[in-house]
Amino acid sequence: MRDAGYELAIFPGDGTGPEVIREGVKILNVLAEGGAAPWRATEYSGGGQYFLKTGREWDPEGEAAAHRADAVLLGAVGWPGATLANGDIAGRALVLGLRESLDLFANVRPCRLYPGVKHRISGEYREVWTPKNVDMVIVRENTEDLYTPIRGRLRRAGDTELAIDTRVITRKGAERVVRYAFELARARPRGAPEDGVRRVTCVDKANVMEGCRFFRETFDRVGAEYPEVERDYAYVDAFTQWLVRNPERYNVVVATNMMGDIITDLASVLQGGMGFASGGNIGAEHAMFEPVHGSAPKYAGKNQVNPFATFFAVEQLLRWLGDRHHDARLLTPADRLERAIATALREGQGRTYDQGGTVTTSGAGDLLAATLRAEPR
Ligand code: IPM
Ligand code: MN
């Protein structure tokens with residue numbers, strides 16, 4: 001616990017990012033009511049739209065704050081036409097850049113279906129699954145694999161002849177993310193919904209790729225230190241159908257970066273869609289939290305998108321920081337927020353368009369704020 005409190009650096013970013021972050025900040029403020037909040041939240045500019053205006057991806061103060069802060073909360077980056085000279089998206093510095101420079105090696109993406117949240121197939125809304133089926137965490141390696149910035153083109157006389165992205169799997173990178181997954185499986189209150197077994201599933205393509213074989217060997221070596229946790233294996237192609245058909249089997253899932261990127265978007269469908277998917281980019285000393293849905297330019301300025309992914313990101317942030325500093329002033333609000341989210345979702349009054357409802361982004365934030373204020377502390 002740190003008496004002086006904690007510094008939160010907040011980057012609303014592009015598109016719908018500012019709209020959902022506004023609601024996240026609203027909730028942080030409600031959690032701070034009636035006492036001195038142990039956090040100071042400061043907002044900074046950055047992203048693709050900022051780049052188009054200023055020629056910089058973020059303001060220098062924000063960059064320094066992100067590196068100094070106790071935790072970062074990011075809305076989303078990416079805006080049509082905002083591209084760096086090398087072809088990267090403008091705003092990359094805030095996502096991929098922070099993952100690299102703060103060494104945020106584990107991207108932790110909970111996938112849990114709350115009662116009252118609907119699932120959509122072919123435009124129809126149904127409650128297909130319940131938390132009895134869907135309650136897993138996908139841990140995605142976050143610093144290497146195909147995202148390693150060792151890439152380029154061979155140009156001859158102005159034409160591209162060849163383009164290469166290098167897939168790198170290191171001992172250190174694999175080991176630390178696998179260890180994170182086993183520690184998480186050990187710490188979680190429950191095992192898999194299907195059978196209560198504490199299980200880590202390694203998703204890879206070890207039947208083909210050397211990097212995946214190495215990742216799986218590392219998984220076995222590190223996993224052997226956790227005899228109370230079952231080791232489970234899935235090739236990524238088979239995993240996609242098992243995940244949808246039998247989600248209750250999964251408890252903690254660990255994957256390399258690119259495969260983890262893909263399977264977490266797929267898994268979000270099981271939790272009600274991307275509107276509920278949050279991620280914590282976790283390192284040894286730093287962490288950055290975000291809704292996973294991105295900037296959604298076509299919805300920007302409409303006060304329409306679902307802010308619940310951001311509420312989950314705020315909860316993840318408070319819990320990570322609270323655990324790290326053994327600080328009940330953060331863990332208690334995290335618990336309160338989790339309960340209020342569950343209540344609001346169960347009662348179903350805050351459904352935004354993606355859930356077949358008509359509630360606005362700010363309306364959903366107001367509803368959660370009221371739910372929080374109404375709950376006993
Ligand atoms: C994600 C996103 C990012 C990624 C993009 C915005 C670079 O899709 O966080 O999953 O590919 O990791
Ligand atoms: Mn993604």
Side-chain angles (χ1 to χ4, degrees), residues 11-18 20-21 24 46-51 57-58 66 72-84 86-111 136-151 165-169 173 177 203 236 239-240 243 253-271 273-283 286-300 305-306 309-310 312-313 316-317:
F11 294 87
D14 291 319
T16 56
V20 293
I21 289 296
Q49 292 172 288
Y50 182 78
F51 175 81
E57 285 188 273
W58 46 2
V72 176
L73 178 66
L74 173 69
V77 295
W79 193 251
T83 311
L84 304 179
N86 67 0
D88 279 339
I89 60 165
R92 177 193 190 282
L94 285 74
V95 193
L96 300 173
L98 280 181
R99 291 177 186 167
E100 290 160 6
S101 64
L102 298 179
D103 204 17
L104 309 176
F105 63 84
N107 196 329
V108 181
R109 297 185 162 178
C111 177
M136 71 188 88
V137 180
I138 301 182
V139 181
R140 162 187 175 191
E141 200 288 320
N142 214 27
T143 56
E144 51 186 45
D145 185 18
L146 277 168
Y147 281 64
T148 309
I150 302 176
R151 54 173 58 97
D165 297 282
T166 315
R167 183 162 196 260
V168 174
I169 307 291
V177 77
V203 172
V236 64
F239 178 75
T240 58
L243 176 69
V253 174
V254 66
T256 50
N257 202 345
M258 183 79 255
M259 291 175 191
D261 180 43
I262 297 166
I263 63 175
T264 49
D265 271 27
L266 175 61
S268 82
V269 175
L270 304 170
Q271 66 189 134
M274 292 297 277
F276 296 95
S278 68
N281 299 261
I282 312 280
H286 297 272
M288 183 263 281
F289 300 84
E290 47 177 348
V292 184
H293 49 62
S295 60
K298 83 175 180 198
Y299 292 101
V305 296
N306 186 347
T310 299
F312 285 118
Q316 269 189 290
L317 182 157

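Counting begins at 1 with the first residue of the sequence. Indexing begins at 1, ligand by ligand and atom by atom, following the structure's order.
With hydrogens and angles disregarded, no donor-acceptor distance shorter than 3.5 Å links the side chain of Arg109 to the backbone of Asp261.
Neither the backbone nor the side chain of His293 has any atom closer than 4.0 Å to an atom of ligand 1 (non-hydrogen atoms only). Of all the heavy atoms of Met258, none lies under 4.0 Å from any atom of ligand 1, so neither backbone nor side chain is involved.
At a threshold of 2.8 Å, the Mn ion (ligand 2) has a backbone or side-chain N, O or S atom of Asp261 nearer than that distance.
Counting protein heavy atoms only, atom 8 (O) of ligand 1 is closest to Asp261 OD1, 3.5 Å. Counting protein heavy atoms only, atom 6 (C) of ligand 1 is closest to Ile89 CD1, 4.7 Å. Residue, atom and distance of the protein heavy atom nearest to atom 11 (O) of ligand 1 are Tyr147 OH, 2.6 Å.
In this structure, Arg92 falls outside the shell of residues with a heavy atom less than 4.0 angstrom from ligand 1. For the ligand labelled ligand 1, residue Met274 lies outside the 4.0 Å heavy-atom shell.
For atom 1 (C) of ligand 1, the nearest protein heavy atom lies under 4.0 Å away. Distances from atom 4 (C) of ligand 1 to the protein include at least one heavy-atom value under 4.0 Å.
A distance of 11.5 Å separates CG in Asn142 from OG1 in Thr256, rounded to the nearest 0.5 Å. Here CG of Asn281 is found 8.5 Å from CG of Leu98. Values are rounded to the nearest 0.5 Å. Here the CZ-OG1 distance, from Phe51 to Thr83, works out to 8.0 Å after rounding to the nearest 0.5 Å. Between Thr148 atom OG1 and Met258 atom CE the span is 12.0 Å, to the nearest 0.5 Å. Taking CZ of Arg99 as the start and CG of Asn257 as the end, the distance is 7.0 Å to the nearest 0.5 Å.
For the pair Val95 and Glu290, the minimum side-chain heavy-atom distance is below 4.5 Å. You'll find the side chain of Glu144 reaches within 4.5 Å of the side chain of Ile169, heavy atoms only.
Close approach to Arg140 involves these atoms of ligand 1, each under 4.0 Å from a residue heavy atom: 1 (C), 4 (C), 9 (O), 10 (O), 11 (O), 12 (O).
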